[in-house]
Engineer: 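I am attaching a structure below and will ask some questions about it afterwards.
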Number of protein chains: 2
Amino acid sequence: MEPLDERSKQILYAIIQSYINKPDPVGSRFVTKKYAFGFSPATIRNIMADLEELGFLSQPHTSAGRVPTDKGYRFYVNSLLGQDRNPDTSGIESAFIDNFSRKLDDIKNDINGMFSEVSNTLSSMSSYVGVALPPKPEKTHFNRIDFMKYKGDHVVAVILTDEGVMKHKIIKTDPLLSQDDLNRIAEYLNSEYAGRTIDDIKSVLIGRMKADKVLWDKLISRAITLCEEILSFSESDIYFSGLHDVMNLPDFSDISKIKEISKAIKDKHTILRLLDQLSNNEGVQVMIGNENPVDEMKNLSIVTSTYKEGDSHMGLIALIGPTRMDYSKAIFMVETVAGCISRTLKG
Amino acid sequence: MEPLDERSKQILYAIIQSYINKPDPVGSRFVTKKYAFGFSPATIRNIMADLEELGFLSQPHTSAGRVPTDKGYRFYVNSLLGQDRNPDTSGIESAFIDNFSRKLDDIKNDINGMFSEVSNTLSSMSSYVGVALPPKPEKTHFNRIDFMKYKGDHVVAVILTDEGVMKHKIIKTDPLLSQDDLNRIAEYLNSEYAGRTIDDIKSVLIGRMKADKVLWDKLISRAITLCEEILSFSESDIYFSGLHDVMNLPDFSDISKIKEISKAIKDKHTILRLLDQLSNNEGVQVMIGNENPVDEMKNLSIVTSTYKEGDSHMGLIALIGPTRMDYSKAIFMVETVAGCISRTLKG
DNA sequence: TGTTAGCACTCTCCTTGTTCGAGTGCTAAT
DNA sequence: ATTAGCACTCGAACAAGGAGAGTGCTAACA
């Protein structure tokens, strides 16, 4: 990407900010009025023409103003990501963080409630669609498992992790196993594996299974496979919110646009895979419009951030909105909320 | 309501069916062509004018065809509800029922999965919004409770009912209680209360609490209050699906219409209260447009049916769609699915 | 008396034409 | 390098007119 001179940059940013603020194509006259660069419209026009040639802007039609392209947004976002972003945390922001942190702390033991709260907050503060993915199960730390006999030949297995992830599954077993048997198995598992990650347990298990095959270990290994199964990520572990509010954005005044974003949310598979890819890189990431590998989302942008517990990053949160997104705000929000989550998980 | 002569009825039904089929105002000429009543358009016109005067039809504007009013739909639906409706269950319907019943049976132990499946099926078969409410907790039968110590001063309580409802809650307790204590409490509760309904247990408890106040019973009573709390209905226990598909209906081509239905879904409180009212009456019920007490839903219709386990009705399912709903189909679907659920819960 | 044909009328929708304003690109002057 | 001026383009908004669908009413008919 050839370097833009400072003046062109400033004008590009001005145009983008103006467009983000109000989705009207912005004309040269408007730029000179609103942002006092000290140049006449004609000069601005020249620069705009250059910017268009470089692919940062486009015209809906001759004689309309300019509109940022995805490439334009990308340039803008890169500059945002590059700069040190600590908007005055003394103002409302700080109050919000305190408040939100306290709320999280209250419900940190109920991971479901917590992440549904997170997605709600994200969406209501931004008016975009908020997404929250709880910690990846295999990264979490096994806390305890319990088995409960249920209706004769069924067993309910309940698993807890240190992070507060709680899952259960009802399975059919042979009715020979008594509740006592189950308790002993559970006790063994709890004492043996508490505190270790699921990944860890898995690898231990593989070695152990090779070692011996007595009944007891068979049961155990079956229990562990069960753990694995139970703790695997399921579609219902993804939290969305804000579809309703997003409809108020002018970008989605058309029903087909709404369908796009609603489809994106509905196809949890797709978005889960997409977010999974993003979760490999740490920190804030932005995916703009056509950068998105999923066809149905070429008109949408995603701003994500991973959160972590200690050193390992656990999961991520995201905002999905139109390409004409307030990236500055979105990035700030996502980053801040991720920070709160990390802090809560740590404490 | 003054009785309509047979001919007028037939014409009214024809108009409604045609309009349900395709949302174009239907004219007198069209009626004579499509449905061979053997009368000329002029005659039909006279009758239509009468029907309009009676409030069953209305004209969007002079010289457009007629459109059914809510009152018209009501008349039509009443006739549907009155008649014996057993559409040939030999055809696809029967295959569907078999298939669906089998599916339900597979997952009947996981009540969440089951009801999310129900709402999915409802919506995908009808292209309206499917709603499913799991059995009211207080009507369900307590099966067992277990307590698990968690992180020193917390306890996880897990409750199961015979119907497969499973809930859990993490509470803070004094760390004095050992896991053994907890086990004993659980064992006591399980042996004492298994098989009884929550309602039942509540009333027993009230008597017991008055009787004595020794520590043991204090613990128990606390545990039971906990049961109550855990088992109380929460907003997340309502399953919606199909908002995305509903957007394809011409009735929702306008974004403001979509907002209406999306708001109805979002405000779980409101709809929960509404459905709760409906759940007092047994069987299929239809609420058309302005019959709806909720202002935001005056343009929507709801078709519900309760399902039961044995004799007591447990919860309900519903379809929400435009007033121009295919009531015949919706009623059939809701009734059929409710039947499947009842059968599954029984078996 | 119920039904029908005929006719004038009404209203929407679509097309066409026109104007207006915003914004552009280009060129010549500064 | 910047600016003023000017001709040009395009879309939005509005008005006018015609086509089409459907109505209500009246008079004739079986």
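Throughout, a chain's letter reflects where its sequence line sits, starting with A, and its residues are numbered from 1.
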Engineer: Is there a side-chain polar atom (N or O) of B:R66 under 4.0 Å from OP1 or OP2 of D:dG24?
Structural biologist: yes

Engineer: Figure out the CD/P separation between B:Q59 and C:dC11, and round it to whole Å.
Structural biologist: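 Distance, rounded to whole Å: 11 Å.
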
Engineer: Among pairs that include at least one residue of residues 31-55 of chain B, which meet salt bridge (Lys or Arg N to Asp or Glu O under 4.0 Å), considering only residues two or more places apart or in two chains?
Structural biologist: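 Every salt bridge (Lys or Arg N to Asp or Glu O under 4.0 Å) pair that includes a residue of residues 31-55 of chain B, provided the two are not neighbours, is B:E52-B:R66.
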
Engineer: Once side-chain contact (heavy atoms from CB on, under 4.5 Å) is applied, do any residues pair with B:M125, and if so which ones, sequence neighbours excluded?
Structural biologist: B:F96, B:T121, B:M333

Engineer: Sorted by first residue and then second, give each ring pair (Phe, Tyr, Trp, His ring centres under 6.0 Å) pair with at least one member in residues 5-29 of chain B; sequence neighbours left out.
Structural biologist: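 Output for this query lists B:Y13-B:Y76.
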
Engineer: Calculate the interatomic distance between A:R29 atom CZ and C:dG25 atom P; express it in whole Å.
Structural biologist: 17 Å

Engineer: Tabulate atom names and distances for all N/O pairs under 3.5 angstrom spanning the protein and nucleotides 2-10 of chain C.
Structural biologist:
from, atom 1, to, atom 2, distance (Å)
C:dT3, OP1, B:R7, NH1, 2.8
C:dT3, OP2, B:R7, NH1, 3.2
C:dT3, OP2, B:R7, NH2, 3.3
C:dT4, OP2, B:S40, N, 3.1
C:dT4, OP2, B:T43, OG1, 2.5
C:dG6, O6, B:R45, NH2, 3.3
C:dT10, O2, B:S63, OG, 3.1

Engineer: Is the cationic atom of B:K257 (NZ for Lys, CZ for Arg) positioned less than 6.0 Å from the six-membered ring centroid of B:F252 and within 45 degrees of its normal?
Structural biologist: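 Because its charged atom misses either the 6.0 Å distance or the 45° angle limit, B:K257 does not stack over B:F252.
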
Engineer: Starting from P on C:dT12, measure out to CG on B:D24 and report it in whole angstrom.
Structural biologist: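 Interatomic distance, CG of B:D24 to P of C:dT12: 16 Å.
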
Engineer: NE2 of A:H61 versus P of C:dG23: gap in Å, rounded?
Structural biologist: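 To the nearest whole Å, that distance equals 10 Å.
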
Engineer: Output the rounded distance in Å from CD1 (A:I44) to P (C:dG25).
Structural biologist: 13 Å

Engineer: Rounded to the nearest angstrom, tell me the gap between atom CE in B:M48 and atom P in D:dA21.
Structural biologist: 16 Å

Engineer: Taking only residues two or more places apart in sequence or in another chain, which ones pass side-chain contact (heavy atoms from CB on, under 4.5 Å) with A:D326?
Structural biologist: A:I20, A:Y128, A:S328, A:K329

Engineer: Taking atom C1' of D:dT23 as reference, at what distance in whole Å does atom CD1 of B:I47 sit?
Structural biologist: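 These atoms are roughly 15 Å apart.
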
Engineer: What pairs with A:N21 under side-chain contact (heavy atoms from CB on, under 4.5 Å), at least two apart in sequence or on another chain?
Structural biologist: none

Engineer: Atom CD of B:E53 to atom P of D:dC25: distance rounded to whole Å?
Structural biologist: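 Going from CD in B:E53 over to P in D:dC25 covers 10 Å.
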
